[in-house]
Amino acid sequence: MKRPIYLDCHATTPVDERVVAAMLPYFTEHFGNPSSINHVYGWETEAAVKKAREVLAEAINATPEEIVFTSGATEANNLAIKGVAEAYFQKGQHIITVSTEHSAVIDPCNYLKSMGFEITFLPVQADGLIDLNLLEEAFRDDTVLVSVMAANNEIGVLQPLAEIGKICRERNVLFHTDAAQALGKITLDVESMNIDLMSMTAHKLYGPKGIGALYVRRRNPRVKVAPQLHGGGHERGMRSGTLYTPQIVGFAKAVEVALQEQTTECERLTHLREILWEKLSQLEGIHLNGHPTQRLPGNLNVSVEGVDGAALLLGLQPVMAVSSGAACSSASTAPSHVLMALGHSEKLAYASIRFGIGRFNTIEEIEQVGEHFVSTVQSLRKQASLV
Ligand SMILES: *Cc1c(COP(=O)(O)O)cnc(C)c1O
C-alpha cells in the first residue's frame with residue numbers, strides 16, 4: 001500500500017542519510033564514555049563531542065562552553081525555566097511568556113505557578129505576533145525571565161527575537177527562547193539578538209530524536225541555572241548523565257547540513273508553500289493562519305469554513321500525513337490553544353490543517369496534495385448542502 005505524503009515536519013523529520021552515516025561508527029566502534037580520561041576509547045569520543053559542541057556553538061554565535069546537551073527541547077525548556085526560577089529565586093518570582101508557546105514552556109510555567117511563582121501569559125495579535133508594547137508593560141521589579149519562542153510549531157510565526165532581546169537587556173532581565181523549530185531554518189545569533197538561553201533539538205532538522213541542547217550564556221551576563229538532574233556533574237554540573245555520543249555527533253551533522261543548505265532550501269520551501277497556498281486559496285472561506293510572510297518557509301496552516309474538522313482530516317489522510325487543529329497535543333482532542341489565541345471559534349480551530357513541508361518533499365507531491373485538498377473540501381461541502 002502506498003503511504004501518504006509526509007507533510008508533518010513540525011512534529012518530526014526523517015533522519016538525513018548523511019547524519020546516519022556520521023553517527024554509525026559511534027555505536028559499535030567508537031563507543032567509549034567521553035568522560036573516561038584514562039584510555040583512547042574515552043579520548044576519541046571526547047574529541048567527537050568537543051567537535052560537535054564547536055559546530056553547534058558556531059551555528060548560533062556562541063562559545064562551546066555555553067552548550068549544554070540535553071535529551072531534546074522539552075528538557076532544555078524545563079532546565080531553562082525551572083533552572084532560572086530556582087537560581088534567581090532571591091531576585092524575584094515573576095516570569096513573562098506567551099499564550100502560544102509549546103506545552104514544554106507552558107507546562108513548566110504552570111508548574112512554577114503552582115509553587116507560588118507568578119506568570120504573565122502575553123496574548124498574541126491576530127497574526128500570531130506578540131505586541132512589543134504589551135511586553136514592555138508586563139515587566140515588574142521582580143521579573144526574572146522572559147520566554148518567547150523563536151518559531152511557532154503550529155502556525156510557523158517568527159517572533160521578533162532581536163527586538164525582544166533588546167527590551168530584556170535594557171531591563172536586565174534574562175531572555176530565553178525555544179528555538180526547536182527555528183534552528184537551521186532561520187539565522188539565530190545569540191549576541192546580536194541578546195539571547196541568554198536557547199532551547200534546541202535535533203529531530204526537527206533531520207537529526208535523531210532524543211538529543212538537544214540548551215545554550216546558557218556565560219558572559220555579560222553570566223547566567224546561572226539550577227540543575228534539574230543531579231549526578232556525575234556532566235555539562236559543568238548543569239545536566240548530569242553520560243553523554244550520548246552517536247546522537248550528539250548526529251545533531252552536529254544535522255546542523256552542519258542545514259546551515260550549508262539554509263539559503264537555497266529556504267527559497268525552495270517558500271516556493272512550495274506559495275504553490276500550495278495559491279491552489280488552496282482558490283477555495284472560498286479558507287483562511288491562512290499566522291503572519292503571511294514572517295513565518296517558517298515550510299509552514300502553511302489553514303482553517304476552512306463550512307466543513308467538519310474530523311471529516312476533513314479523514315478525507316485527507318489517504319493522500320497526506322498532516323496535523324489538524326485538534327491533534328497538536330497527542331493526549332487531548334481539545335482545540336489548539338494557538339489557534340484559539342488567534343481569536344478563532346472552536347469550530348474553525350477544529351477545521352484547521354497544518355502543513356509542514358520539508359527537505360524531502362517535491363513539487364509534484366505539493367501539486368498532488370493541493371488538488372486532493374481542494375476536491376476533498378468541495379465534496380464535503382456538497383454533501384453538507386444536500387443534508
Ligand atoms: C518539538 C518541539 C519541542 C519539543 O522538543 P523535543 O525535542 O521533542 O522534546 C519544544 N518546543 C517546540 C517549539 C517544538 O516544536
Side-chain angles (χ1 to χ4, degrees), residues 6-15 19 56 60 67-83 97-111 121 124 128-130 146-159 161 164 175-186 188 195 197-215 228-229 239 241 244 247-248 250-252 254-255 258 289-290 294-301 322-323 325 327-331 336-339 341 354-358:
Y6 189 78
L7 283 172
D8 204 12
C9 286
H10 303 300
T12 196
T13 56
V15 182
V19 172
L56 267 166
I60 60 168
I67 303 296
V68 176
F69 286 111
T70 64
S71 61
T74 299
E75 188 192 331
N77 286 341
N78 273 267
L79 178 56
I81 295 166
K82 294 193 278 193
T97 185
V98 184
S99 60
T100 52
E101 291 290 315
H102 191 275
S103 54
V105 165
I106 292 187
D107 290 2
C109 286
N110 280 333
Y111 166 76
F121 287 98
V124 292
L129 289 166
I130 63 165
V146 169
S147 181
V148 180
M149 72 202 313
N152 188 274
N153 49 297
E154 290 189 38
I155 54 176
V157 163
L158 308 174
Q159 298 291 356
L161 297 185
I164 298 168
F175 173 34
H176 165 250
T177 188
D178 175 352
Q181 295 287 346
L183 182 67
K185 294 163 199 156
I186 59 165
L188 295 166
I195 294 166
L197 302 118
M198 181 159 76
S199 302
M200 298 170 270
T201 189
H203 77 100
K204 306 279 172 77
L205 78 153
Y206 314 93
K209 295 169 187 55
I211 188 73
L214 180 66
Y215 157 76
Q228 303 299 304
L229 284 179
R239 203 281 189 178
Y244 194 177
Q247 307 302 97
I248 289 170
F251 186 9
V255 168
N289 294 316
Q294 202 168 322
R295 65 194 299 140
L296 287 171
N299 175 280
L300 187 70
N301 190 310
V322 289
S323 280
C328 285
S329 72
S330 53
S336 147
H337 70 285
V338 174
L339 298 175
R354 174 185 72 182
F355 299 92
I357 311 168

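Side chains included, hydrogens not; waters and symmetry mates left out as well; all remaining heavy atoms used. Whatever order the structure lists ligands and atoms in, that order sets their numbers, starting from 1. Nothing fancy with the numbering, it's 1 onward along the sequence.
- With hydrogens and angles left out, the side-chain atoms of S199 and D178 include no donor and acceptor closer than 3.5 Å.
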Query raised in the report: Given T70 and L229, is the side chain to side chain contact (heavy atoms under 4.5 Å, CB included) satisfied, shown in steps?
Result: CA-CA 10 Å; T70 64; L229 284 179; over 6 Å; no
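- Close approach of ligand 1 to M149 is summarised as follows: ligand atoms under 4.0 Å from at least one heavy atom of the residue are 13 (C).
- Ligand 1 has H203 within reach: a non-hydrogen atom of the residue lies less than 4.0 Å from it.
- Heavy atoms of K209 found under 4.0 angstrom from ligand 1: none, in either backbone or side chain.
- Put simply, the side chain of D107 does not reach to within 4.5 Å of the side chain of N77, judged on heavy atoms.
- With hydrogens left out, the protein atom closest to atom 11 (N) of ligand 1 is D178 OD2, 2.6 Å, a heavy atom.
- Proximity of T74 to ligand 1, defined as any heavy-atom pair under 4.0 Å, is shared by backbone and side chain alike.
- Going from atom OH of Y244 over to atom CD1 of I211 covers 8.5 Å, rounded to the nearest 0.5 Å.
- The shortest N or O to N or O distance between A73 and ligand 1 is below 3.5 Å.
- For the pair T97 and I106, the minimum side-chain heavy-atom distance is 4.5 Å or more.
- Within ligand 1, counting atoms from 1 as listed, the ones closer than 4.0 Å to a heavy atom of G72 are 7 (O).
- Annotation: atom 7 (O) of ligand 1 to nearest protein heavy atom, T201 OG1, 2.7 Å.
- Inspection of the E101 and S147 side chains reveals no N or O donor paired with an N or O acceptor under 3.5 Å.
- Looking at atom 2 (C) of ligand 1, its nearest protein heavy atom turns out to be K204 NZ, 2.4 Å.
- Distances between N or O atoms of N153 and those of ligand 1 include no value under 3.5 Å.
- Taking the side chain as every heavy atom from C-beta outward, T177 and Y215 never approach each other to under 4.5 Å.
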